[in-house]
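In this text, all values refer to a predicted model and were calculated from it rather than measured experimentally. Order of the sequence lines sets the chain letters (A, B, ...), proteins ahead of strands, with each chain counted from 1.
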Amino acid sequence: MLDIKELQNNFEEIRQKLKKKKVDETLLAPLKEISLKLKEKKNILEALQAEQNAKSKLFPIYKKEGKNIDELKSQLDENKQKITSATEVVRELEENLSLIALEVPNIPDDSVPEGEDEEDNVEIKKVLNIPSFDFEPKEHWDIDAKQELIDFQRGVKLAKSRFSVLKNDAAKLERALVNYMLDFNASRGFKEVSVPFIANKESLEGTGQLPKFGDDLFKIEGEELYLIPTAEVPVTNLFRDEILATDALPIKLTSYTACFRKEAGSAGRDTRGMIRQHQFGKVELVCITTPQQSEEVFQQMVDCASDLLTSLGLAHRMVLLCGGDLGFSASKTIDLEVWLPGQNRYREISSISNTKDFQARRAKIRYKDGKKNRLVHTLNGSSLAIGRTLIAIMENYQKADGTIEIPKVLKDYIK
RNA sequence: AGAGAGGUGGCCGAGUGGUCGAAGGUGCUCGCCUGGAACGCGAGUGUGGGGCAACUCACCGAGGGUUCGAAUCCCUUCCUCUCUGCCA
């Protein structure tokens, strides 16, 4: 959520900055208008309440003195009518305000480049050279044409399309990757947490998936509960409605969860293979920092994920997302794209975002700055998506004879 | 899932219609005491909004209602605990 006060005072500046995000900025003007009107109406209401409170306190005094209370009572009856209608006005404005406020995306950081979509993202650097093959490298589903490793058909049988089953060494590799990544992140100072894969509405509002993106979530029938689309939701919401001690910051966490997405908007995209599934494993990084620390911690997270890829021997590149490609809650995002020889292109494998105080304001996560309570900055990033790492290994480590080598660092993890 | 009990400040806990935003304890912060500490003593210590400020409004799980006035009464709902059932 945006800072409403800031919006009232620096409307034009915020409007300009949000333009970068290619979103409906027509929401902004009503937002400002309603917030100002609300302030005015609230003042009126509070004056009425103050009168009601003050005069109500006279009753016991009157009674003690044996005075007649009829006139006072009728005065207050009348005032009460006014309070009732003023309350109604305020409530309506508040509802409208939060309805709009929760749908306005975060403001892009100044460093975010202009652009429409992923075509306009800016490559920051390449890490490792892309591997060369003395044969034509295959896509992962062709390497494993018999589906001895990834069984797509049976995934569909068990659930529906975009589900799959890992078998044999692929199942072991998945498990190895989870453990390796968590250990790697721990060595960089991230503490491990294991959280529920189901979250309530408040949590999803806190991190920004709701109310706007409910269509992409699997909802539990008859309950206000959802399967999590990312560990970012439960891990960040660990601190919802809390005021943290300054010396506890930065909090750096890592967590493995399954993630569930309806992929409602991507019909027809990546229908083949493991790239885009309704359920996938991911090891996530989540950090809670002071505003002063967040940029530095952001870099640490990017480095952590990139070094992880490097340690697996996977060529990749860092990409700074342009305004048009930036997610709803993010102020700044760097994607890591891994080289897939079979597809002959880089594909997203990690996305690291600084949401600054956007989620913190929604989720009311604050820290003590002296006597003041201030909003923290929240950051999240994948390190890494397990399924995509798995196919990256399959494609990058494939041999001419169809076998797949295992990256050295994983050897201890596969028995 | 059924039966019962309960949700109050960082924590414990009092409060059943009128200066209660809330006693008391504990924790924490600051000061005094001390060679230093403990003990003891004194002061401070919830959140959010409005106002330069004095101050003011809201919040006792959440949402409604009754009343001039609600932490206290009524309704709805969520959650927690205990027992029973079921299960890893």
Side-chain angles (χ1 to χ4, degrees), chain A residues 1-9 31-102 194-206 210-211 219-226 234 237-249 251 258 357-376:
Chain A
M1 203 162 78
L2 299 187
D3 184 345
I4 300 288
K5 230 176 174 177
E6 194 63 23
L7 183 77
Q8 288 172 353
N9 297 329
L31 191 60
K32 181 188 176 185
E33 204 177 296
I34 291 171
S35 71
L36 287 173
K37 196 166 174 190
L38 175 62
K39 192 168 154 182
E40 179 199 327
K41 297 293 182 188
K42 227 176 179 172
N43 281 337
I44 293 171
L45 172 62
E46 284 181 8
L48 291 170
Q49 286 173 324
E51 188 185 340
Q52 193 79 356
N53 289 342
K55 290 198 174 160
S56 288
K57 284 177 185 161
L58 295 176
F59 275 82
I61 298 170
Y62 275 35
K63 271 186 196 162
K64 207 181 281 174
E65 294 173 354
K67 276 195 192 166
N68 190 309
I69 58 171
D70 289 350
E71 194 193 336
L72 185 61
K73 187 168 173 352
S74 70
Q75 267 180 33
L76 285 176
D77 279 336
E78 200 181 312
N79 197 49
K80 199 181 164 187
Q81 299 281 315
K82 290 185 196 164
I83 289 179
T84 305
S85 58
T87 304
E88 187 52 37
V89 170
V90 166
R91 212 188 58 185
E92 207 169 291
L93 285 169
E94 273 174 344
E95 261 169 33
N96 287 339
L97 185 76
S98 77
L99 219 58
I100 300 175
L102 289 173
S194 178
V195 293
F197 293 2
I198 288 178
N200 58 28
K201 192 174 118 220
E202 291 74 18
S203 295
L204 285 144
E205 277 179 4
L210 289 178
K219 187 170 192 283
I220 312 276
E221 194 178 346
E223 315 233 24
E224 286 290 1
L225 294 171
Y226 303 79
N237 276 284
L238 243 24
F239 307 100
R240 175 156 49 85
D241 288 318
E242 293 196 14
I243 298 170
L244 305 164
T246 311
D247 57 16
L249 303 179
I251 295 170
D357 63 8
F358 186 82
Q359 292 179 328
R361 185 171 294 106
R362 288 173 161 251
K364 299 185 180 65
I365 310 175
R366 292 147 296 168
Y367 73 101
K368 278 252 176 263
D369 181 16
K371 288 206 158 185
K372 279 281 190 188
N373 296 321
R374 297 190 196 282
L375 295 169
V376 299

| query | Yes or no on side chain to side chain contact (heavy atoms under 4.5 Å, CB included) for A:Arg361 and A:Asp3, after CA distance, side-chain angles and deciding distance? | reply | CA-CA 8 Å; A:Arg361 185 171 294 106; A:Asp3 184 345; 3.4 Å; yes
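- Atom P of B:rG44 sits at a distance of 26 Å from the matching atom of B:rU8, rounded to the whole Å.
- A 3.5 Å limit on both hydrogen-bonding distances identifies no Watson-Crick or G-U partner for B:rC60.
- The environment of CD in A:Glu78 is sparse: at most 12 heavy-atom neighbours from other residues, nucleotides or ligands sit within 6.0 Å.
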* To do: Applying side chain to side chain contact (heavy atoms under 4.5 Å, CB included), run through A:Leu102 and A:Met1 and close with a yes or a no.
  => CA-CA 6 Å; A:Leu102 289 173; A:Met1 203 162 78; 4.0 Å; yes
Protein heavy-atom contacts under 4.0 Å, written 5' to 3' over nucleotides 45-60 of chain B as B (base), S (sugar-phosphate only) or - (none), form the string --SSBSS----SBS--
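- Here the separation of B:rA53 from B:rG17, taken at their C1' atoms, is 35 Å to the nearest Å.
- Counting heavy atoms from C-beta outward, A:Asn200 and A:Glu224 have side chains that stay 4.5 Å or more apart.
- The CG atom of A:Asn79 sits 15 Å away from the C1' atom of B:rU67 (whole-angstrom rounding).
- Rounding to the nearest 0.5 Å places NZ of A:Lys41 at 5.0 Å from CD1 of A:Ile44.
- Of the C1' atoms belonging to B:rA88 and B:rA38, the separation is 50 Å, rounded to the nearest Å.
- Here B:rU72 sits opposite no nucleotide as a Watson-Crick or G-U wobble pair (both hydrogen-bonding atom distances under 3.5 Å).
- Taking the C1' atom of each, B:rA62 and B:rC11 are spaced 23 Å apart, rounded to whole Å.
- For A:Ile83 and B:rG65, the CD1 to P distance is 13 Å, given to the nearest whole Å.
- Around CD of A:Glu33, the count of heavy atoms belonging to other residues, nucleotides or ligands within 6.0 Å does not exceed 12.
- For A:Tyr62 and B:rG69, the OH to C1' distance is 15 Å, given to the nearest whole Å.
- Rounded to whole Å, the C1' atom of B:rU45 lies 32 Å from the corresponding atom of B:rG63.
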Open item on the list: Is there a side chain to side chain contact (heavy atoms under 4.5 Å, CB included) between A:Asp77 and A:Gln81? Walk through the geometry before answering.
Closed with: CA-CA 7 Å; A:Asp77 279 336; A:Gln81 299 281 315; over 6 Å; no
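- Base pairing annotation: B:rG36 forms no Watson-Crick or G-U wobble pair, as no partner gives both donor-acceptor distances under 3.5 Å.
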Give every donor-acceptor pair under 3.5 Å between a side-chain atom in residues 48-55 of chain A and any protein atom, sequence neighbours left out.
from	atom 1	to	atom 2	distance (Å)
A:Glu51	OE2	A:Lys55	NZ	3.2
A:Gln52	OE1	A:Asn79	ND2	2.8
A:Asn53	ND2	A:Gln49	O	3.4
A:Lys55	NZ	A:Gln75	OE1	2.9

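- Annotation: B:rC39 and B:rC28 have their P atoms spaced 10 Å apart (nearest Å).
- Rounded to whole Å, atom C1' of B:rG63 lies 14 Å from atom CD of A:Glu94.
- A donor-acceptor contact under 3.5 angstrom links the side-chain atoms of A:Lys63 to the base of B:rG18.
- The separation between A:Glu242 atom CD and B:rG9 atom P is 14 Å, rounded to whole Å.
- Within the 4.0 angstrom heavy-atom criterion, no nucleotide atom of any strand lies near A:Gln75.
- For A:Lys219, the NZ atom counts as densely surrounded, since its 6.0 Å shell holds more than 12 non-hydrogen atoms of other residues, nucleotides or ligands.
- The residues A:Glu94 and A:Arg91 are annotated as not salt-bridged, no charged nitrogen and carboxylate oxygen being separated by less than 4.0 angstrom.
- Separation of the C1' atoms belonging to B:rU56 and B:rG51 is 8 Å when rounded to the nearest angstrom.
- Spacing between B:rG46 and B:rU29 at atom C1', rounded to whole Å, works out to 15 Å.
- Side chains of A:Phe239 and A:Val376 form no contact here, defined as non-hydrogen atoms less than 4.5 Å apart.
- Across all strands shown, B:rG21 forms no Watson-Crick or G-U wobble pair with both key distances under 3.5 Å.
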Could you write out each protein N or O paired with an N or O of nucleotides 19-21 of chain B at a distance under 3.5 Å?
none

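- In a base pair of the Watson-Crick type (N1 to N3 plus N6-O4 or O6-N4) or a G-U wobble (N1-O2 and O6-N3), with each distance short of 3.5 Å, B:rC30 is matched with B:rG42.
- Counting to the nearest Å, the P atom of B:rG18 and the CD atom of A:Glu65 are 18 Å from each other.
- Pair check for B:rG85 finds none; no Watson-Crick or G-U wobble contact set falls under 3.5 Å.
- When both pairing distances are held under 3.5 Å, B:rG6 makes a Watson-Crick or G-U pair with B:rC79.
- Atom NZ of A:Lys55 is separated from atom C1' of B:rG18 by 17 Å (rounded to the nearest Å).
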